[in-house]
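Read through the structure below, which is laid out as structure tokens, and then see the notes.
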Amino acid sequence: MRHIIASFILLICAATSYAQGPENVIPVPSDIIITEGTYSFETEPKVSVTFVKKGIAPEGYELTVTPKGVKVKAATEAGAFYARQTLDQMTRDGSVRQIKCCKITDAPRFPYRGLHVDVSRHFRSLDFLTKQVDAMAMFKMNRMHLHLTDAAGWRMQIDAYPRLTSFAAWRPQATWKEWWAGNRHYAEEGTDEANGGYYTKDQMRELVEYAKARHIEIIPEIEMPSHSEEVLAAYPELGCSGEAYKDADFCVGNEAVFEFLETVLAEVMEVFPSEYIHIGGDEAGKQHWKTCEKCQQLMQKEGMKDVDELQSYMIRRIERFVNSKGRRIIGWDEILQGGLAPDATVMSWRGTEGGIEAMTHGHDVIMTPGRYCYLDHTQDAPFLEPESIGGYLPLDSVYVYEPIEASMPADKHHHLLGVQANLWSEYVVTDEHAEYMYWPRAIALAETGWSQPEDKDLKDFRERVLKALEVLKEKGYTTFDLANEYGERKLAQTGLDHKAKGKKVTYIRPIQDWYQAAGEATFTDGVIGGWTYSDNRWQGFLSDIDVVIDLEEVQTVSYIGGTFMQLIGPGVFMPRKVDILVSEDGENYKLVQTVWNDVATSQEELSFKEFHTICNEKARYVRYHAYRSTMRGFLFLDEIVIN
Ligand code: ACM
């Protein structure tokens with residue numbers, strides 16, 4: 001429980017008004033007691049550290065400020081390090097020379113507080129990585145997950161397989177977007193067309209040491225069985241087709257694949273001493289396995305009934321190898337498919353269901369559900385933000401995430417190791433842009449990972465984080481300008497009252513499975529959609545939308561309209577046209593207006609358009625028929641407004 005007790009309110013107010021206290025510390029500590037007086041120092045605060053055997057959690061600490069100096073008690077070096085981070089925040093790294101006397105007792109809620117860095121889609125400098133380690137340390141994060149391999153480029157020196165870095169680490173296009181739009185080929189290192197890069201083992205060792213000194217473990221990820229186009233272009237014999245640029249998945253039926261993966265992992269484990277090795281496991285298509293002779297032979301031999309079991313076979317075998325080196329695997333939640341490897345830790349990203357299932361069976365879990373933890377989504381109004389993969393994830397939405405859910409059995413809570421913020425970097429070209437996407441949203445997750453839920457408070461956090469961003473900016477970080485946040489679509493914040501609100505909607509075309517929002521209430525609930533179609537306010541259709549609203553009595557209607565969005569990346573288009581019809585009896589309809597689309601189907605930026613009519617009609621029934629785009633794809637509509 002956090003409580004701040006002001007002991008000598010009036011008398012000491014004057015004396016302490018220039019002194020910093022622990023009020024702004026992030027993550028919010030478990031317990032703060034403000035005591036009498038202040039501590040002033042000339043250049044550096046005087047700090048004495050003692051290590052205790054009992055009574056303090058492994059990463060916890062006790063920090064006491066008296067007029068004479070600062071005393072720290074901790075059980076581990078990590079605890080003492082975190083006490084120092086708290087003190088550095090209070091003194092702004094020593095630039096504030098007077099601090100309030102207090103006693104802070106603090107310890108993390110979860111042992112795993114992670115940040116994910118995707119260096120495949122765009123290669124990042126080593127300086128960038130160490131700089132993010134510094135920021136993580138400030139906020140007591142302790143795991144950096146390095147996504148080292150993916151189709152867009154292999155990023156680590158592997159001595160046994162030099163083509164991974166002389167070829168698969170380079171591509172003709174500098175940006176992922178251009179590369180993806182092209183033929184997705186690779187380039188020879190040292191040629192004019194080679195863009196990208198890789199880390200040498202020495203560079204990775206340097207990063208590991210740098211992070212270790214800040215009590216952060218670097219967890220490398222080597223993707224399998226999929227997201228491996230770059231490997232299979234460099235070593236085509238490891239794919240089912242045997243040809244470059246044909247496969248994304250390793251051929252599980254080929255023993256050479258295990259020799260490759262074990263050799264690579266052995267070299268990786270030599271460089272990274274982390275307890276965990278991330279082996280990917282996400283989004284395997286598995287298509288070629290169904291017709292590949294080698295895969296089919298293996299399935300027969302092992303009595304496997306489907307390709308999910310083939311994936312499971314691979315992950316289990318790799319787990320045995322990793323375990324044999326004294327390490328453990330983490331995989332994305334798809335590793336549940338076909339049966340989970342016995343000791344695997346699951347990183348739950350497609351929602352939390354996979355994590356909950358794994359926990360229930362006694363596996364450790366790290367939560368990183370896309371809805372709260374994917375920092376590749378836009379953090380403010382899309383028209384103000386750099387291009388992103390889409391979606392909308394403002395700071396507040398990251399902050400409100402609570403990892404422990406009611407459906408998690410209480411006796412399994414200890415399997416939830418913690419949380420992680422992920423930044424996939426398809427659209428994040430520069431190091432500065434990546435920083436901008438992390439900070440401040442990663443700070444919100446840092447607090448969720450460290451602080452007790454009852455101590456969290458959004459309003460208070462926002463005030464603290466504004467100050468933390470000033471410090472980060474002083475230190476040279478590029479951050480999002482939270483002070484000038486625009487926020488959610490205005491009508492989405494307020495809702496909208498109108499004549500059709502609460503009125504019954506009849507669906508001539510039925511609601512479909514994906515994106516149902518509030519079901520049949522959606523179009524007349526007064527709830528307006530936000531910046532993203534996945535906010536449960538937009539109803540999605542892979543067909544026309546054709547509905548009738550019953551206003552319950554004949555009345556004069558002067559406005560009928562609905563807003564659609566277009567985001568062509570995920571295949572969301574404006575309707576080709578909307579027919580708006582009215583009827584007094586529900587049988588004889590009059591076409592009031594056909595509203596044609598005028599947003600180009602090539603327009604890439606997220607856009608919204610109201611398809612409406614301004615009219616003067618007598619109507620009880622209003623039919624609103626939106627025709628699916630010639631591009632096909634989704635139609636998304638949030639509300640049909642009638643006035
Ligand atoms: C993932 O986002 N594919 C793990």
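Both counts, for ligands and for their atoms, begin at 1 and track the order of listing. Everything numeric in this text was worked out from a predicted model, so none of it was measured.
Under a 4.0 Å N-O distance rule, the pair E237/K294 does not qualify as a salt bridge.
Under the rule for a side chain to side chain contact (heavy atoms under 4.5 Å, CB included), the partners of E206 that lie at least two apart in sequence or sit in another chain are L126. With sequence neighbours left out, the salt bridge (charged side-chain N to carboxylate O under 4.0 Å, His left out) criterion links K201 to D159, E267. By the salt bridge (charged side-chain N to carboxylate O under 4.0 Å, His left out) test, R328 is found to be paired with E275, D343, D364, residues two or more places apart in sequence or in another chain being considered.
The protein residues lying under 4.0 angstrom from ligand 1, judged by non-hydrogen atoms, are D282, E283, W332, W349, Y374, W424.
In summary, the side chains of H288 and D249 do not present any donor paired with an acceptor at a separation below 3.5 Å, with no hydrogens or angles considered.
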Please walk me through it: do W332 and H145 pass ring pair (Phe, Tyr, Trp, His ring centres under 6.0 Å)? CA-CA 12 Å; W332 299 109; H145 167 177; 5.6 Å; yes
